[in-house]
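Reviewing the structure listed below.
Residue numbers begin at 1 in each chain, while the letters A, B, ... track the order of the sequences. A quick note: this is a predicted structure, and the numbers were derived from the prediction, not measured.
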Number of protein chains: 2
Amino acid sequence: MTHGMDPHRLLVFREIAHAGSIAGAARALGWTQPAVSQHLRHLERRAGMALVLRLPRGVRLTEAGRLLLGHADAVAARLQAAADDLDALAQLREGTVRLAAFPSASATVVPAAMDLLLRRHPGVDVRLREAEPPEASDLLAAGEADLAVTFAHAGQEPDDHPGLVRTPVGEDPLLLVLPRSHPQAVPGDRPVDLRSLAADGWIAGCERCAAGLRRACEEAGFVPDVRHGTDDYVVTQALIARGLGVGLLPRLALDAFTAPGVAVRPVPGLRPRTLYLTHPRETDQIPAVRAAVQALRDVLAPRVRAAGDPDHG
Amino acid sequence: MTHGMDPHRLLVFREIAHAGSIAGAARALGWTQPAVSQHLRHLERRAGMALVLRLPRGVRLTEAGRLLLGHADAVAARLQAAADDLDALAQLREGTVRLAAFPSASATVVPAAMDLLLRRHPGVDVRLREAEPPEASDLLAAGEADLAVTFAHAGQEPDDHPGLVRTPVGEDPLLLVLPRSHPQAVPGDRPVDLRSLAADGWIAGCERCAAGLRRACEEAGFVPDVRHGTDDYVVTQALIARGLGVGLLPRLALDAFTAPGVAVRPVPGLRPRTLYLTHPRETDQIPAVRAAVQALRDVLAPRVRAAGDPDHG
DNA sequence: ACGACATCCAAGGAATACTTATGGCATGAC
DNA sequence: GTCATGCCATAAGTATTCCTTGGATGTCGT
C-alpha cells in the first residue's frame with residue numbers, strides 16, 4: 001500500500017513465470033515448493049486477483065500476471081545493472097578520483113602517480129586540482145575532492161576539518177637556497193650553518209610556510225629579516241638568483257624547478273616537513289581512491305623518507 | 001551475487017539518499033535509526049565499498065552511492081507502476097474478458113450483457129467468440145477464453161476439462177416448432193402432447209442436441225423420425241415453415257429469431273436445458289471476469305428461470 | 001490402478017529484521 | 001568551558017518473517 005509491490009516477492013513471481021510452474025521455480029531457487037507457493041499467495045492477496053491459473057502441468061499467467069511479469073523483468077534487470085555497475089567500480093574498470101595537491105607535489109610526484117594509476121587502471125578517471133593544504137582540506141570537507149596530498153612543517157599541527165583522516169607518507173627536507181655569488185655557496189655541497197646567514201635578507205611566503213623558517217632561525221639563535229614574500233618557488237628563486245635574499249625551499253619544489261643562478265645546500269638540524277595523504281574517513285573504502293593512494297605511495301616511497309607510517313613498519 | 005542487489009535494502013538506501021541522513025530515513029520509515037544503519041551497512045558490505053560519507057549533519061553519497069541511487073529510483077518507479085497497473089485492473093479501468101458463448105446466447109443475452117458490462121466499466125475490453133459448449137470448453141482449457149456461456153440438456157453431463165468450474169445460471173425451455181399449417185398448430189398457444197407427433201418428420205442437429213429430442217420422444221413412447229439435420233435455428237425454421245418437418249428449439253433461439261411461417265407451442269413435461277457459466281477455477285478471482293459474470297447474471301435473471309443456483313437462493 | 005507430478009494447507013523451527021541500550025563525535029547555545 | 005542537541009555506530013535481545021516439514025487432493029501417463 002505504502003509503496004508498490006514487494007520487490008522480493010516480485011522476483012519470486014518472475015521465477016515462477018520463467019519456470020512455468022511453482023515447483024519449477026522452487027527447484028531453480030533451491031527452495032521447497034510451499035515456500036514459493038506462499039510467496040505467490042501473498043502477492044495474489046495483495047493484488048486482489050489471481051496472477052496465475054493452476055493447471056495440471058504447472059501454471060499459466062493471467063492478464064495481471066503478464067503485466068506484473070513485465071515490471072518484474074524490468075526490476076530484475078535494474079538490480080543486475082546495479083550489481084554490474086558496482087562491480088565495475090570495484091574492479092576499477094570505472095570510477096573517479098578527484099585529487100588535490102599542493103604545487104610542488106602537483107609538479108612532481110602527483111603527475112607520476114597519476115600516470116602510474118592510469119597505467120594500472122585505464123578506466124579510472126583521475127582529476128587533479130592544485131591547492132595548498134588548508135584549501136585542500138576545505139575541498140575534501142566540501143565533497144569537491146576525494147583525496148589530498150598535504151604537508152605540515154615540523155611542530156605544526158594542521159587544522160584539518162573533522163572527519164578527515166591524515167596519514168603521513170614521507171618527509172620532505174628543507175634546503176637552503178643561496179645566490180651562486182653568496183659567500184656560503186662554496187662548491188662541494190657542503191652543509192651550511194644557519195647562524196652564518198643571520199645577517200642575510202630572507203624570502204618567505206605565507207604564514208604557514210614562514211613559520212618553518214622562523215622556527216629554524218629561532219633555534220639557531222636569530223630572527224630572520226624577511227624582506228620579500230612569496231609562496232611561489234620559481235619567484236623565490238628568481239629573487240635569490242638576483243642576490244635579493246636567501247631562502248629555504250623543500251626538496252620537492254627544487255625537484256620541480258631549480259634556477260640556474262642559485263646554489264642549494266643542506267642545513268644540518270633543519271627539520272623536514274611531513275607529507276600526508278588526507279581524505280574523508282570513509283573514502284579509503286572506495287576502490288578508485290584506494291588505488292590512487294597506492295599509486296601515490298609507490299611513487300613517493302623511493303623519493304621521500306618514510307615518516308612514521310605504520311603501514312610501512 | 002546470484003542476483004543483483006537486495007531490492008529491499010536498495011529501497012532503504014533510496015530513503016537515506018532522499019532524507020539526506022540515516023536518522024531522517026528512519027523517521028520517514030517509522031523505524032529506529034539502527035535499523036536503517038544496519039541495512040546500509042549490509043549494502044556497503046555487499047558492494048565492497050562505501051556508499052555514503054558520514055558527515056556531522058548527515059550523509060553524502062559517494063560516486064557508488066549516486067550510481068546506486070539511480071537504479072534504486074528506477075526500481076521504485078517500476079514497483080509503483082506495477083501497483084498502479086494492478087490497481088487499474090482491480091478498479092476495472094483496464095482489463096480484458098474473452099467470452100465464449102453458443103450461438104443463441106451470442107445473439108441474445110450475451111450482447112446485452114456485454115453492453116451492460118461496457119456501460120458499467122468502459123475501460124474493460126470485452127471480446128466474444130461464438131462457440132458450441134464443447135469447443136468453448138476447449139477454448140477455456142487452452143487459455144484462449146476466460147469465461148464461457150454453455151448449456152447441457154436434461155440428463156446430459158457436460159464433459160468439461162478438469163480445472164473448469166461450471167455454475168448453473170438458469171434454464172432455457174425447449175419449445176415445439178411446427179409449420180403454421182400443421183394440424184396441432186391451432187390458435188391459442190395450447191400445449192401440445194409429443195405423442196401426437198409420433199408420425200411427423202423431425203429436424204435435429206448434432207448428437208448433443210438431438211439427444212434431447214430422442215430422450216423426450218422416448219419418454220413419450222416413440223422414436224422420432226429424424227429427416228433433416230442442422231444445428232442452425234434459422235435453417236431449422238426455414239425447413240419447418242415449408243412443412244418439411246417439426247422440431248424442438250430452445251426459447252433463446254426463438255428469441256433470437258422466429259420465422260413468420262412457424263408456430264411455437266409448449267410441450268408439457270419437456271425438460272429444459274440448463275445454462276451454465278463455465279470458467280477456469282481461478283478466473284473468478286479476476287475483476288474483469290467477475291464483472292462479466294455479474295453482467296451476464298443480471299441480464300439472464302429476468303429471462304430464464306433460476307436453476308438451483310446457490311447464489312440466488 | 002498405481003506412481004509421478006503439481007498443487008494447497010497447517011504447524012514448527014530457523015534466519016532475518018527491528019528494537020533497546022549505550023557510546024563517540026561535532027555543532028551550537030549559555 | 002560546559003551542557004544540550006543531533007547524527008552515527010555497535011552489541012545484544014526480541015519478534016517477525018521466512019522456509020521447511022509433513023500431511024492431503026487432483027490430474028496425467030503407464
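Between A:Gln285 atom CD and D:dA9 atom P there is a gap of 12 Å when expressed in whole angstrom units. The interatomic distance linking B:Glu282 (CD) with C:dC8 (P) rounds to 8 Å, in whole Å. Protein atom NE2 of B:His42 is 12 Å distant from nucleotide atom C1' of D:dT10, rounded to whole Å. One atom, CG of B:Leu53, and another, C1' of D:dC8, lie 13 Å apart when rounded to the nearest Å. The separation between A:Leu43 atom CG and D:dT17 atom C1' is 15 Å, rounded to whole Å. In this structure, NE2 of A:His8 is placed 16 Å from P of C:dA15, rounded to the nearest angstrom. In this structure, A:Leu29 atom CG and D:dC18 atom C1' are separated by 13 Å, rounded to whole Å. If you measure from atom CZ of B:Arg57 to atom P of D:dT5, you get 16 Å, rounded to the nearest angstrom.
Put simply, the side chain of A:Ser106 never gets that close to the backbone of A:Glu130: no donor and acceptor are under 3.5 Å apart. In this structure a side-chain-to-backbone donor-acceptor pair under 3.5 Å is present from A:Asp146 to A:Arg98.
Distances shorter than 4.0 Å separate some side-chain N or O of B:His39 from OP1 or OP2 on C:dC18. In this model, the phosphate group of C:dT7 is not approached by any side-chain N or O of A:Ser37 to a distance below 4.0 Å at OP1 or OP2. Residue B:Arg54 places at least one side-chain N or O closer than 4.0 Å to OP1 or OP2 of D:dA9. B:Arg60 has no side-chain polar atom (N or O) that falls below the 4.0 Å cut-off from OP1 or OP2 of D:dC8. At C:dA17, one or more side-chain N or O atoms of B:Arg9 fall inside 4.0 Å of OP1 or OP2 (strictly under the cut-off). OP1 and OP2 of C:dC18 both lie 4.0 Å or more from every side-chain N or O belonging to B:Thr32.
Comparing the start and finish of the helix from C:dA1-D:dT30 to C:dG12-D:dC19, five pairs each, the helix axis swings through 0°, to the nearest 10 degrees. End-to-end axis angle of the helix from C:dA14-D:dT17 to C:dC30-D:dG1, using five pairs per end and rounding to 10°, comes to 10°.
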Legend entry - Chi angles and distances behind the side-chain contact (heavy atoms from CB on, under 4.5 Å) call for A:Glu63, B:Ile286: CA-CA 9 Å; A:Glu63 181 181 22; B:Ile286 297 174; 5.5 Å; no
Legend entry - Evaluation steps, side-chain hydrogen bond (donor to acceptor under 3.5 Å, both in side chains), between B:His153 and B:Arg273: CA-CA 4 Å; B:His153 284 286; B:Arg273 64 177 181 178; 5.2 Å; no
Inset, instruction - Give the C-alpha distance, both sets of side-chain angles, the deciding distance and a yes or no for side-chain hydrogen bond (donor to acceptor under 3.5 Å, both in side chains) between B:Arg78 and A:His71. - result: CA-CA 6 Å; B:Arg78 272 294 183 172; A:His71 293 302; 2.9 Å; yes
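Spacing between D:dC19 and C:dC18 at atom P, rounded to whole Å, works out to 15 Å.
Taking the six-membered ring for Trp, A:Phe102 and A:Phe151 have ring centres closer than 6.0 Å.
With distances taken from any side-chain atom of B:Ser21 to the nucleotides C:dT27, D:dC7, C:dC8, the minimum falls on D:dC7.
Residue A:Ala23 is classed as a sugar-phosphate contact, given heavy-atom separations below 4.0 Å to backbone atoms only. When heavy atoms are screened at a 4.0 angstrom cut-off, B:Gly20 is found touching no nucleic acid atom at all. Across all strands shown, A:Arg281 has no heavy atoms under 4.0 Å from either base or sugar-phosphate atoms.
Judged by atom type and distance alone, B:Gln33 does not reach the base of D:dC7 through any side-chain donor-acceptor pair under 3.5 Å. With hydrogens and angles ignored, no donor-acceptor pair closer than 3.5 Å exists between the side chain of A:Gln38 and the base of D:dT17.
In this structure, A:Thr167 and A:Tyr276 have side chains that are not in contact, with every pair of non-hydrogen atoms separated by 4.5 Å or more. At least one side-chain heavy atom of B:Leu29 sits less than 4.5 Å from a side-chain heavy atom of B:Val36. Residues A:Val165 and A:Thr278 fail the side-chain proximity criterion, which asks for heavy atoms closer than 4.5 Å.
Nearest-nucleotide mapping onto DNA chain C: of A:Leu55 and A:Pro34, the residue sitting toward the 5' end is A:Leu55. Place A:Glu44 and B:Asp6 on DNA chain C by their nearest nucleotides, and A:Glu44 ends up nearer the 5' end. Summary of the strand contacts: B:Gly24 and B:Pro162 both lie near DNA chain D, and taking for each the nucleotide with the nearest heavy atom, the more 5' one is attributed to B:Gly24. DNA chain D is contacted by both A:Val36 and B:Val59; B:Val59 maps to the nucleotide lying nearer its 5′ end (nearest heavy atom per residue).
A side-chain contact (heavy atoms from CB on, under 4.5 Å) with A:Leu277 is found for exactly one of A:Asp284, A:Leu99, A:Leu296, namely A:Leu296.
Atom CZ of A:Arg129 has 12 or fewer heavy atoms from other residues, nucleotides or ligands within 6.0 Å.
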